[in-house]
Peer 1: 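The following block contains the structure, expressed as structure tokens.
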Amino acid sequence: MIQEYNPQKIEPKWQKFWEENGFYKAEDFSKKPKKYILIEFPYPSGEGLHVGHARSYSALDAVSRKKRMEGFNVLFPIGWDAFGLPTENYAIKTGIHPRIATEKNVANYKRQLKSLGLSFDWSREINTTDPGYYKWTQWIFLKLFEKGLAYQAEIPINFCPACKIGLANEEVVGGKCERCGTEVVKKTLKQWMIKITKYADRLIDDLKEVDYPERVKAQQINWIGKSYGTEIDFELENAEERIKVFTTRTDTLFGVTAVVLAPEHPLVQKLITKENEEKIKEYIESAKKKSDFEREKLEKEKTGVFTGSYCVNPGNSEKVPIWVGDYVVATYGGGAVMMVPAHDYRDFDFAKKYGLKIKEVVSGGAISKEAFVDYGILINSGEFDGLKSEEAIEKITKFLEKKGLGRKTIQYKLRDWIFSRQHYWGEPIPIIHCEKCGAVPVPEKDLPVELPYVEKYQPTGTGESPLFAISEWVNTKCPKCQGSAKRETDTMPNWAGSNWYYLRYLDPVNDKTLADAKKMKYWMPIDWYNGGMEHTTLHLLYSRFIYKFLFDIGVVPQKEPYQKRTCHGIILAADGRKMSKSFGNVINPDEIVQKYGADTLRLYEMFLGPFDQAIAWNEDGVKGVYRFLEKVWNLVSECSKNKESNQKISSAINKLNKKIDEDLEAIKFNTIISSFMEFVNLSQDNKKEVGRETIEKFLILLSPFAPHIAEELWSQLGHKKSIFFGKWPKPDSKLIKEKTITLIIQINGKVRDKIEVAADISEDEAQRLTISRENVKKWTQGKEIKKIIFVPNKLINIVVNS
RNA sequence: GCGGGCAUGGCGGAAUGGCAGACGCACUAGGUUCAGGACCUAGUGAGAGCAAUCUCGUGGAGGUUCAACUCCUCCUGCCCGCACCA
């Protein structure tokens, strides 16, 4: 059997063998306990698989393989999130139809994934662009519509002038389009919106029930941005309407010296007085032209204009001027704030700039210099003087409630989800617009509304979807009145398909329902979901919301889809930058597989460093792992004829066994790989003492991580059945215990000596041995021994006077 | 500003409060080789010493403890997310 380790030869052989024998098929309703292990399905881009994909897939593949060997019925599926902009942009550039491009890219990804020996259940492969799939994406939309959670609104949206598309807030990064980097502008369009805000509280509260990393929970909570406060009504001097402001600092009500409205506030037009009219209209126009990003850039330079009108402070009935300022966010808290310059930094700046009054109402600061924003004792606040801020908030709110001019309320930063995209390559929104009946849902029996296959999928440039130009598709009949009507031409964002894809894996070809209820009951929830940190406030939040909605309408069995979430760190190029074509620093996994083999790539990616940490690629490190596999190969050939292991080796293999069990649950793949290396190093130094049984156990332990070499050596050892039919061993704690240990001797906590002693040495015996040592005497001579601390199996510490 | 996290050799990193630097890379010396590479052996935190051994050492300053990379307080620097959110 001695031949050289040649991964190129053995890997394709076993990949074929595993696939042909259906090793990875998950069995519905199996009596074995189930494990649903999920990776975020990839977007099949033209660039091909990234080594970052390989990192998380290899790790979760190891988890899946190990769980199977432990007797679980494992579902580890794969599919394609294929709708969306990158493919459409690629198609526009190259003239290749997005459908063709997708097919090509999927085929390439598939080849690459298979070359890594990942144990996906390919029989459940899904693709979000299949009509049979997006039928159910559309069905979910109809349900949202039916329950009043999908609605249309004429709103100013973020618009990318390059992609010619509306963007959700989440897709705007630093004022720029997430995809192409162009500066985003405002444009008012009629958009489909989804009421995710209705689920804000539950999205926060139910985080208690799931096992997510702390930072993921914190980020979601922060994103939803729940804050408790008071809504206060400021009555107008000359009109019926009231200006409603939101504040968390109700205690500062008596310090209000102006009310500031966002330029978009609906009352602005009404409040403009004749003498100020021109100035204000000009100001509002210029504010509207500015993008959000520009507004943010000018953060320090606050601008505004006085409307000429006044309102009344409900606390002290003072007359308060009304201003317009673009630092007030239109979409939060009603787009109006009460300005308290003495106790808010922003208001302080604004008041200084325009010479507004600064009135101190909370003592403790030096308001002539800067705003005092901490809590304190109230002053200049009439009957509330002397109260602490906390009490004052309560009492002033009650006071306002009595007068009908204020109430406790809660505000969220989270906004409703803009669900329309003016693009071709997405799921058509299943709505028909009828002049008589309005927006009419496409009847369920007519789903899917198929995306027409056309030659012209370029953006129209007017902000309309390319579908708008396809008249034979657009013109249809109203399902209600049979009159002529037009189809909705916007498509869904690509989050739509990924909202629920994990359910489709359970029942990928069902055309009666999105997935059979019994199957969902068997498989859900997902036991372990790994993905990128960048999806925390996007896909992860959206899909939790959709799952909750599906739960509410009785489709899915629980409130939360993902029991445990982990996040992988991204892989950077060797130069520490992001891997990017433009930097020319991209590592293609194909090259590594060709040069070193899939097992090397898999182990290296796990060995790199902590799984959740961003880390730079290092080709020299790859070589180190390859050397390790060569050592494994040689070790197995050399030790296969040995009979039994000595005590040291059998202790080591059991320790390794235990270490893998523990570290896998703790997501510490890097230390698992180093433990394998340690064991091999030890075995190399004790070749004659490594018995056949130990070698076989070692191969079983290695098999989830480096499946090809393990399977090959297993078969070379004469086994007829695959190593993956082998049972995962349990560490034997009796064997782990060594007969002798190295007892550390400390004097005053410093290591001064070591002795080999029996592992079960008694405290008295250890003391006796220790005290008689020359090295110890040297340190204790002439000193009083105050205390001796004995830690069994570890150390003895002698405390002396210093 | 708010939230989350991190700081350990030349590098990536390891250490249930109990031998700091496992494992890998790089490097040095020797062996092997026609050569390059690969491989084998030994060494590799800093300083002192022929050596045994000793001193210092986990961003900084304190504290708790017989014992601190680990726990607590403060500070500094860096990374990630959010951000004129009232």
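In what follows, chains carry the letters A, B, and so on, assigned in the order in which the sequence lines appear, proteins first and then strands, with residues in each chain numbered from 1. What's counted below: heavy atoms across the whole structure, side chains too, no hydrogens, waters or symmetry copies.
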Peer 1: For ring-ring contact (aromatic ring centres under 6.0 Å, His included), just list the numbers for A/Tyr412 and A/Trp223, CA-CA rounded to whole Å, side-chain angles, deciding distance to a tenth of an Å, and then say yes or no.
Peer 2: CA-CA 9 Å; A/Tyr412 302 90; A/Trp223 184 264; over 10 Å; no
Peer 1: In whole angstrom, what separates A/Leu253's CG from B/A86's P?
Peer 2: 17 Å
Peer 1: Whom does B/C69 pair with, Watson-Crick or G-U wobble, provided both distances fall under 3.5 Å?
Peer 2: none
Peer 1: For A/Leu253 and A/Asn313, which heavy atoms make the closest approach, and how far apart are they?
Peer 2: O-ND2, 2.9 Å
Peer 1: If we call it a pair only when both distances are under 3.5 Å in a Watson-Crick or G-U wobble match, what pairs with B/A15?
Peer 2: none
Peer 1: Which listed nucleotide (B/C2, B/G18, B/G4) is nearest to the side chain of A/Asn222?
Peer 2: B/C2
Peer 1: Find the distance A/Glu774:CD to B/U53:P and express it as a whole number of Å.
Peer 2: 13 Å
Peer 1: Any chance you could lay out the side chain to side chain donor-acceptor pair (under 3.5 Å) test for A/Ser227 and A/Gln411, step after step, and finish with the verdict?
Peer 2: CA-CA 5 Å; A/Ser227 61; A/Gln411 281 288 328; over 6 Å; no
Peer 1: Under 4.0 Å, heavy atoms only, any strand: does A/Lys750 hit a base, just the sugar-phosphate, or nothing?
Peer 2: sugar-phosphate
Peer 1: Any chance the side chains of A/Thr303 and A/Tyr283 put a donor and an acceptor closer than 3.5 Å?
Peer 2: yes
Peer 1: Compare the minimum distances between each of B/C19, B/A26, B/G81 and the side chain of A/Ile744, then state the nucleotide with the smallest one.
Peer 2: B/C19
Peer 1: Provide the Watson-Crick or G-U wobble partner of B/C6, both distances under 3.5 Å; none if there is no partner.
Peer 2: B/G77
Peer 1: What does B/G21 pair with, Watson-Crick or G-U, if both distances are under 3.5 Å?
Peer 2: none
Peer 1: What's the base orientation of B/G9: syn (chi within 90° of 0) or anti?
Peer 2: syn
Peer 1: Pairs under 3.5 angstrom, nitrogen or oxygen only, protein versus nucleotides 44-48 of chain B, please.
Peer 2:
none

Peer 1: Measure from NZ on A/Lys754 to P on B/U53 and round the result to the nearest Å.
Peer 2: 10 Å
Peer 1: Please walk me through it: do A/Glu619 and A/Tyr596 pass side chain to side chain donor-acceptor pair (under 3.5 Å)?
Peer 2: CA-CA 11 Å; A/Glu619 171 110 21; A/Tyr596 303 100; 3.0 Å; yes
Peer 1: With salt bridge (Lys or Arg N to Asp or Glu O under 4.0 Å) as the criterion, how do A/Asp211 and A/Arg565 come out once you've worked through the C-alpha distance, each side chain's angles and the decisive distance to 0.1 Å?
Peer 2: CA-CA 6 Å; A/Asp211 175 16; A/Arg565 168 77 175 184; over 6 Å; no
Peer 1: What pair of heavy atoms forms the shortest contact from A/Thr197 to A/Leu414, and how long is it?
Peer 2: CG2-O, 3.4 Å
Peer 1: Using modelled atom types and a 3.5 Å cut-off, is there a donor and acceptor pairing between side-chain atoms of A/Glu40 and backbone atoms of A/Gly532?
Peer 2: yes
Peer 1: OP1 or OP2 of B/U55 sitting under 4.0 Å from any side-chain N/O of A/Arg752?
Peer 2: yes
Peer 1: Want to settle it: does A/Asp344 or A/Glu630 sit nearer the 5' end of RNA chain B, counting the closest nucleotide to each?
Peer 2: A/Glu630
Peer 1: Rounded to the Å, how far apart are A/Ile410 CD1 and B/A86 P?
Peer 2: 13 Å
Peer 1: Between A/His343 and A/Phe372 (side chain of the first, backbone of the second, donor and acceptor by atom type, cut-off under 3.5 Å), is there such a pair?
Peer 2: yes
Peer 1: Taking the six-membered ring for Trp and the full ring for Phe, Tyr or His, determine whether the centres of A/Tyr5 and A/Tyr626 are under 6.0 Å apart.
Peer 2: yes
Peer 1: Would you classify A/Asn681 as touching base, sugar-phosphate or nothing, given that sugar-phosphate means primed atoms plus P, OP1 and OP2, and contacts are heavy atoms under 4.0 Å?
Peer 2: sugar-phosphate
Peer 1: Mind checking who B/G30 pairs with, Watson-Crick or G-U wobble, both distances under 3.5 Å?
Peer 2: B/C40
Peer 1: Atom CD of A/Glu605 to atom P of B/C23: distance rounded to whole Å?
Peer 2: 23 Å
Peer 1: To the nearest Å, give me how far apart NZ (A/Lys413) and C1' (B/C84) are.
Peer 2: 11 Å
Peer 1: Any side-chain N or O of A/Arg215 under 4.0 Å from OP1/OP2 of B/G81?
Peer 2: no
Peer 1: Please tell me which of A/Gly335 and A/Trp779 maps to the more 5' nucleotide of RNA chain B, matching each residue to the nucleotide holding its nearest heavy atom.
Peer 2: A/Trp779
Peer 1: Check whether any side-chain heavy atom of A/Leu795 lies under 4.5 Å from a side-chain heavy atom of A/Ile745, and answer yes or no.
Peer 2: no
Peer 1: In terms of side-chain heavy atoms of A/Ser674, which of B/A86, B/A22, B/G24 is nearest?
Peer 2: B/A22
Peer 1: Mind checking if A/Val791 touches a base, just sugar-phosphate, or nothing, with heavy atoms under 4.0 Å?
Peer 2: base
Peer 1: Quick one: which of A/Phe611, A/Phe705, A/Phe676 gives a ring pair (Phe, Tyr, Trp, His ring centres under 6.0 Å) with A/Phe669?
Peer 2: A/Phe611
Peer 1: Hey, is the side chain of A/Lys668 poking within less than 4.0 Å of OP1 or OP2 on B/A15, counting only N and O atoms?
Peer 2: yes
Peer 1: Using nucleotides 66-70 of chain B, report all nitrogen or oxygen pairs with the protein that are shorter than 3.5 Å.
Peer 2:
residue: B/C66; atom: OP1; partner: A/Lys787; partner atom: NZ; Å: 3.4
residue: B/C66; atom: O2'; partner: A/Asn797; partner atom: ND2; Å: 3.3
residue: B/C66; atom: O2; partner: A/Asn797; partner atom: ND2; Å: 2.5

Peer 1: Is B/G47 paired to anything, Watson-Crick or G-U wobble with both distances less than 3.5 Å, and if yes, which nucleotide?
Peer 2: B/C54
Peer 1: In residues 611-618 of chain A, which residues come under 4.0 Å of RNA chain B by heavy atom?
Peer 2: A/Gln613, A/Ile615
Peer 1: Between A/Gln767 and A/Ile796, is the side-chain contact (heavy atoms from CB on, under 4.5 Å) condition met? List the steps.
Peer 2: CA-CA 8 Å; A/Gln767 279 193 22; A/Ile796 186 158; 3.9 Å; yes
Peer 1: With a 4.5 Å limit on heavy-atom distance, are the side chains of A/Leu400 and A/Thr397 in contact?
Peer 2: no
Peer 1: Considering only side-chain heavy atoms of A/Thr671, which listed nucleotide, B/A15, B/A86, B/C82, is closest?
Peer 2: B/A15
Peer 1: Between B/A86 and A/Tyr332, is there an OP1 or OP2 to side-chain N/O distance shorter than 4.0 Å?
Peer 2: yes
Peer 1: Report yes if at least one side-chain N or O of A/Ser227 is closer than 4.0 Å to OP1 or OP2 of B/A86; otherwise report no.
Peer 2: yes
Peer 1: Choose from B/C23, B/A26, B/A86 the nucleotide whose nearest atom is closest to any side-chain atom of A/Asp620.
Peer 2: B/A26
Peer 1: Hey, does A/Asn670 reach any base, or is it just sugar-phosphate, or nothing, if we go heavy atoms under 4.0 Å?
Peer 2: sugar-phosphate
Peer 1: Taking the side chain of A/Val751 as heavy atoms from C-beta outward, which of B/A22, B/A20, B/A86 is closest to it?
Peer 2: B/A20
Peer 1: Is it true that A/Thr230 and A/Arg407 share a donor-acceptor pair across their side chains at a distance under 3.5 Å?
Peer 2: no
Peer 1: Mind checking A/Pro610 for me? I need base, sugar-phosphate or nothing, with any heavy atom below 4.0 Å counting as a touch.
Peer 2: sugar-phosphate
Peer 1: Let me know the distance between CG of A/Asn6 and C1' of B/A38, rounded to the nearest Å.
Peer 2: 16 Å
Peer 1: Using atom CG of A/Leu603 as one end and atom P of B/G24 as the other, report the distance to the nearest whole Å.
Peer 2: 13 Å
Peer 1: Choosing from B/G3, B/C23, B/C19, which nucleotide comes nearest the side chain of A/Glu678?
Peer 2: B/C23
